[in-house]
Amino acid sequence: MEKQGTVIKAIAIFLGLTIGAYLLGKSIERFKKEDRYISVKGFAEREVKADLVIWSMKIRTTDNDLIKGNSALASAKSKVIAFLTEKGVNAQEIVPKDLKVTDRHANEYLQPNAAQQQRYIIEETIEVRSNKVEEIQKISRMTSELLNAGIALTNKNEWSGSGLEYIYTQLNDIKPIMLSEAIKNAKGAAEQFTKESETQLGKMRKANQGLFSIQDRDQSLSSAGEGGNFQTGNVDLYKKIRVVISVDYSIE
């Protein structure tokens, strides 16, 4: 009886070792299969036209008398607004903003010739924000009429440039299509790899969406990152949108 029990224990131990070895072997086999994968990149690119334009014009007057200077600025502003509405810009698209008065005499670092200059510098920005990008672009080239009327306009931030910013706002509408194109592009690259390496392409393991970039059509992309969006350049009416994704595929 005791001998029979010993035999049964030995059989149980043997079966346990056999089953354990089988399961371990399967685990190792599965690990090896799951560990074999390739990483590929896919991209999609689109050229679009900006659908929003922001035109910033700065009006500047100088005078020793603040009231007279302010009156001259108001007169110049009225002429600018009249010019814009006459050319077809809606009144709702015109916004006066950023009124600024500088008193040269209040500057603690007063220049030696400051007394010979007009004391007050009065500035105000007229901003046009419109979806009629081509019409605003055309009107911006007619400002010589304002110069002939004695009104000097400058860029909001500097004395050169058009002051026009072109922006594309419909990115969210084309994101799904572009991501789908990028994934197809990545899968095509993976299939080409497995064909040349005589392996078989398995399932997608992981996909990381890269950065959506918007840049002026003729501008070189100077930076990149992961996730989200970024935009470089805003002086071109036409934009180039690009997305790059990374995809991992298992191979068999």
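Computed from a prediction, not measured in an experiment: that's the story for all the values here.
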Report the distance from atom [atom1] of [X] to atom [atom2] of [Y], rounding to the nearest 0.5 Å.
X	Y	atom1	atom2	answer
Leu171	Met178	CG	CE	7.5 Å
Ile126	Leu84	CD1	CG	8.0 Å
Asn70	Ile122	CG	CD1	5.5 Å
Tyr37	Lys206	OH	NZ	6.5 Å
Met57	Ile59	CE	CD1	7.5 Å
Thr169	Asp51	OG1	CG	3.0 Å

Task: Derivation and outcome, side-chain contact (heavy atoms from CB on, under 4.5 Å), residues Tyr238 and Val48 - done: CA-CA 6 Å; Tyr238 291 91; Val48 298; over 6 Å; no
Open item on the list: As a quick check of understanding, evaluate salt bridge (Lys or Arg N to Asp or Glu O under 4.0 Å) for Lys240 and Asp216, giving each step before the final call.
Closed with: CA-CA 6 Å; Lys240 185 184 294 181; Asp216 285 348; over 6 Å; no
Heavy-atom check, side chain of [X] versus side chain of [Y], under 4.5 Å:
X	Y	value
Gln200	Ile251	no
Ile136	Val128	yes
Leu237	Tyr168	no
Leu164	Val235	no

Open item on the list: Considering only residues two or more places apart or on different chains, which pairs with a residue in residues 182-198 satisfy salt bridge (charged side-chain N to carboxylate O under 4.0 Å, His left out)?
Closed with: none
- [ ] Name all pairs fulfilling the salt bridge (charged side-chain N to carboxylate O under 4.0 Å, His left out) condition that reach into residues 75-96, sequence neighbours left out, sorted by first residue then second.
- [x] Lys77-Glu124, Lys87-Glu145, Glu93-Lys132
Taking every non-hydrogen atom, the tightest pair across [X] and [Y]:
X	Y	result
Tyr249	Ile183	OH-O, 4.3 Å
Val243	Ala182	CG1-CB, 4.4 Å
Leu201	Ala190	CD1-CB, 3.8 Å
Val247	Ala186	CG2-CB, 3.9 Å
Tyr166	Asp236	CB-O, 3.4 Å
Ser39	Asp248	OG-OD1, 2.6 Å

Open item on the list: If we count only N and O atoms by modelled type, under 3.5 Å, do the side chains of Ser246 and Lys41 hold a donor and an acceptor together?
Closed with: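 Yes, side-chain donor-acceptor contact under 3.5 Å.
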Open item on the list: When you compare the side chains of Asn64 and Gln118, does any donor N or O come within less than 3.5 Å of an acceptor on the partner?
Closed with: yes
Are any side-chain N or O atoms of [X] and backbone N or O atoms of [Y], one a donor and one an acceptor, separated by less than 3.5 Å?
X	Y	answer
Thr61	Gly69	yes
Ser71	Ile67	no
Ser56	Gly163	no
Ser78	Ala74	yes

Open item on the list: For Arg129, I'd like to know if atom CZ has over 12 heavy atoms of other residues, nucleotides or ligands within 6.0 Å.
Closed with: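 At most 12 heavy atoms, drawn from other residues, nucleotides or ligands, come within 6.0 Å of this atom.
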Transitively linked via ILVMFWY side-chain contacts under 4.5 Å: [X] with [Y]?
X	Y	result
Leu66	Leu73	yes
Tyr120	Leu99	yes
Ile139	Leu146	yes
Ile94	Phe83	yes

Task: Step-by-step side-chain contact (heavy atoms from CB on, under 4.5 Å) determination, Glu45 to Ile241 - done: CA-CA 6 Å; Glu45 194 172 75; Ile241 301 178; over 6 Å; no
Open item on the list: Run Ile177 and Arg46 through side-chain contact (heavy atoms from CB on, under 4.5 Å) and show every step you take.
Closed with: CA-CA 10 Å; Ile177 298 173; Arg46 288 284 182 92; 3.2 Å; yes
TODO: Look at Glu123 together with Arg60 and state whether they make a salt bridge at an N to O cut-off of under 4.0 Å.
DONE: yes
Task: Face-on cation placement of Arg242 at Phe212 ring, 6.0 Å and 45° thresholds - done: no
- [ ] Determine, step by step, whether Glu47 and Lys239 satisfy the side-chain contact (heavy atoms from CB on, under 4.5 Å) criterion, reporting the C-alpha distance in whole Å, the side-chain angles of both residues, the deciding distance to 0.1 Å, and the verdict.
- [x] CA-CA 6 Å; Glu47 185 176 301; Lys239 308 292 179 182; over 6 Å; no
